[in-house]
Amino acid sequence: MPRRIVVSAIAALLLIFMLNLWLAPVASLQQSETSFGVGPHGYQASYDLLTELGFKVARSHLPPRDVIRARTMWYVSPDFLEAFKNQGQAEASEVVKWIRAGGTALILGDVDSDWTRLGIDSSTSVGAESSRISGSVARESRQLGIAGLLSFKSAPAGASTILTSGKNPFAFAIKLGSGLLIAVADGRFVLNSNLGDGDASLLLVDLVSAFGSPTFDEWSHGMGADVSLVATLVASRAVLPIAIGITAVVLWMLEQRIWPRRTLDDASDTPTPSISSFIDSLGVIYSRAGDAPAVFEAYRSGSLRRVRRRLFPRADVSNETLIRRLAADRSMSAETRRWLIDGELPSTQAELVIAVRAIESYRGTEA
């Protein structure tokens, strides 16, 4: 198999491999239960809707200690409220500490949320096939067609109920230190699968209007801050095949072009080539044959063939026709005409050199 095909195949495989590394995280994000998710359990539709409405929506991959407290952070079904999360209590404590320092956090729970990790000792109850939500932050009552929508059985001491589901608190606000914690019993209305049903999108806009443009938290879903591509590749198993591929390409390039490049020896002492030296050499070579007339006839015949190919590239003309055409050329010198047109033959080697020089000097004999 030609080496060029092998190298092209290796390059194509490396390109496919790199595309796979780049596209795999994108596909994973689209199926995640985050603001990047386009599946039924993601909530990118909420993110896009608020963006289209002109709200300054953002995402954050930073831990609470690095988040600017002026932002309103939205934690949608955060992992730190899930029972399976071993570090959940520590992460929840970080969020509470950030709130007490002056942050505003709106936390939307789900059926597995353990609110005690935030210091909220309130249990939840399951609603009917649909629920009517109303309260101070809703412009009017909102109908949510989500079966089994959760609500709190009661609000903790010091909390202010801002939304109700029937007679139960659906969302309440608690002042913590210099900040504010808004707890929403069930955040399923912001998911892609539910946002278009009933008044879910209207309730979403009510909350944003009441507490400001949201920054959706992705840190609580296991996402970290952006890192460079180089750092990601170095830390992954892909570094070995990539290194092998790069080494193979470099070795092939070195094999194709020896380094350092070979150069000619210094020829500064040699004479510069010229047409005069070429003609002299050609005449000497012919003269060494011993029979000057015979040598000249052979040389003249070859010169006429060259002229014929140049003047008549597609026609086979006779020597007589060619001679008549050349005889009409007024630029031809008398010396050239003597040997090329008149057909005079040199009798000595010296005349042979002169004849060759005369014919070679005629521009019409150039190849």
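- Side-chain polar atoms of Ser209 and Asp206 form no donor-acceptor pair below 3.5 angstrom.
- With values rounded to the nearest 0.5 angstrom, Glu218 atom CD is found 5.5 Å from Phe36 atom CZ.
- Residues Ile354 and Pro346 form no side-chain contact, since every pair of their non-hydrogen atoms from C-beta on lies 4.5 Å or further apart.
- Between the side chain of Ser165 and the main chain of Ile133, no donor-acceptor pair closer than 3.5 Å is present.
- Here the OG atom belonging to Ser301 is positioned 6.5 Å from the CG atom belonging to Asn319, to the nearest 0.5 angstrom.
- By the rule that hydrophobic residues join a cluster once side-chain heavy atoms approach within less than 4.5 Å of another member, Leu106 and Val205 end up as members of one cluster.
- Interatomic distance, Met73 CE to Asp217 CG, rounded to the nearest 0.5 Å: 4.5 Å.
- A salt bridge links Arg338 with Glu335; the closest basic N to acidic carboxylate O contact falls under 4.0 Å.
- For the residue pair Ser303 / Arg300, no side-chain donor-acceptor distance below 3.5 Å is found, with atom types taken as modelled.
- Contact check for Leu340 versus Met332: side-chain heavy atoms found under the 4.5 Å cut-off.
- Between Ser123 atom OG and Leu150 atom CG the span is 11.0 Å, to the nearest 0.5 Å.
- Side-chain atoms of Tyr43 and Leu204, non-hydrogen and from C-beta on, never get closer than 4.5 Å to each other.
- No donor-acceptor contact under 3.5 angstrom links the side chains of Glu91 and Ser220, judged on distance only.
- At a threshold of 4.5 Å between non-hydrogen side-chain atoms, the residues Ile182 and Thr72 do not count as touching.
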### Val96 and Leu181: CA distance, side-chain angles, deciding distance, side-chain contact (heavy atoms from CB on, under 4.5 Å) verdict
CA-CA 8 Å; Val96 172; Leu181 167 63; 5.9 Å; no
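- Among all heavy-atom pairs drawn from Asn192 and Ser46, the shortest one is OD1-N, 4.5 Å.
- Transitive grouping of hydrophobic side chains (ILVMFWY, heavy atoms separated by less than 4.5 Å) brings Leu53 and Phe211 into a common cluster.
- For the side chain to side chain donor-acceptor pair (under 3.5 Å) with Ser35, the qualifying choice from His221, Gln44, Arg59 is Arg59, the only one to do so.
- In this structure a side-chain-to-backbone donor-acceptor pair under 3.5 Å is missing from Gln143 to Asp199.
- Heavy-atom minimum distance, Ser193 versus Pro40: OG-O, 3.0 Å.
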### Task
Could you please spell out the steps behind the side-chain contact (heavy atoms from CB on, under 4.5 Å) verdict for Ser213 and Leu50?
CA-CA 8 Å; Ser213 297; Leu50 296 176; over 6 Å; no
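- Ala58 and Tyr47 get closest at one heavy-atom pair: O-CE1, 3.8 Å.
- Looking at Leu352 and Tyr299, their side chains never come closer than 4.5 Å, going by heavy atoms from C-beta outward.
- Taken together through direct or relayed side-chain contacts under 4.5 Å among Ile, Leu, Val, Met, Phe, Trp and Tyr, Val307 and Trp339 form part of one hydrophobic cluster.
- Although no hydrogens or angles enter the test, the distance criterion places no donor-acceptor pair under 3.5 Å between the side chain of Arg188 and the main chain of Asn194.
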### Message
Under the criterion side chain to side chain donor-acceptor pair (under 3.5 Å), I'd like the reasoning laid out for Asp48 against Thr51: C-alpha separation, chi angles, the key distance, then a yes or no.
### Response
CA-CA 5 Å; Asp48 292 342; Thr51 301; 5.2 Å; no
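- Contact of the Trp219 side chain with the Val67 side chain is not registered, since no non-hydrogen atoms from C-beta on lie closer than 4.5 Å.
- A 4.5 Å side-chain heavy-atom check between Leu311 and Leu322 finds at least one atom pair inside the cut-off.
- No continuous path of hydrophobic side-chain contacts links Val111 to Leu81 [ILVMFWY only; heavy atoms under 4.5 Å].
- A pairwise comparison of heavy atoms in Val184 and Ala171 identifies CG2-CB, 4.0 Å as the closest pair.
- The two residues Ser125 and Asn168 come nearest to each other via the heavy atoms OG-ND2, 3.4 Å.
- Judged by distance alone, the side chain of Glu360 and the main-chain N or O of Val356 form no donor-acceptor pair under 3.5 Å.
- Within the model, atoms CG of Leu191 and OG of Ser77 stand 6.5 Å from one another, a figure rounded to the nearest 0.5 Å.
- In this structure a side-chain-to-backbone donor-acceptor pair under 3.5 Å is missing from Arg69 to Trp98.
- Across Val208 and Pro214, no two heavy atoms sit closer than the pair CG1-CD, 3.9 Å.
- Looking only at side-chain heavy atoms (C-beta outward), Phe296 and Ile359 come within less than 4.5 Å of each other.
- Put simply, Phe216 and Phe189 are part of the same group of oily side chains (I, L, V, M, F, W, Y) that touch within less than 4.5 Å, one to the next.
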### Message
Set out, in order, the CA-CA distance, both residues' side-chain angles and the distance that settles side-chain contact (heavy atoms from CB on, under 4.5 Å) for Asp110 and Glu82, then state yes or no.
### Response
CA-CA 9 Å; Asp110 58 29; Glu82 307 296 334; 3.2 Å; yes
### Task
Assess whether side-chain contact (heavy atoms from CB on, under 4.5 Å) is satisfied between Ser134 and Thr164, documenting all intermediate values.
CA-CA 6 Å; Ser134 58; Thr164 59; 3.5 Å; yes
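- Residue Arg142 holds its CZ atom at 7.5 Å from CG of Leu203, rounded to the nearest 0.5 Å.
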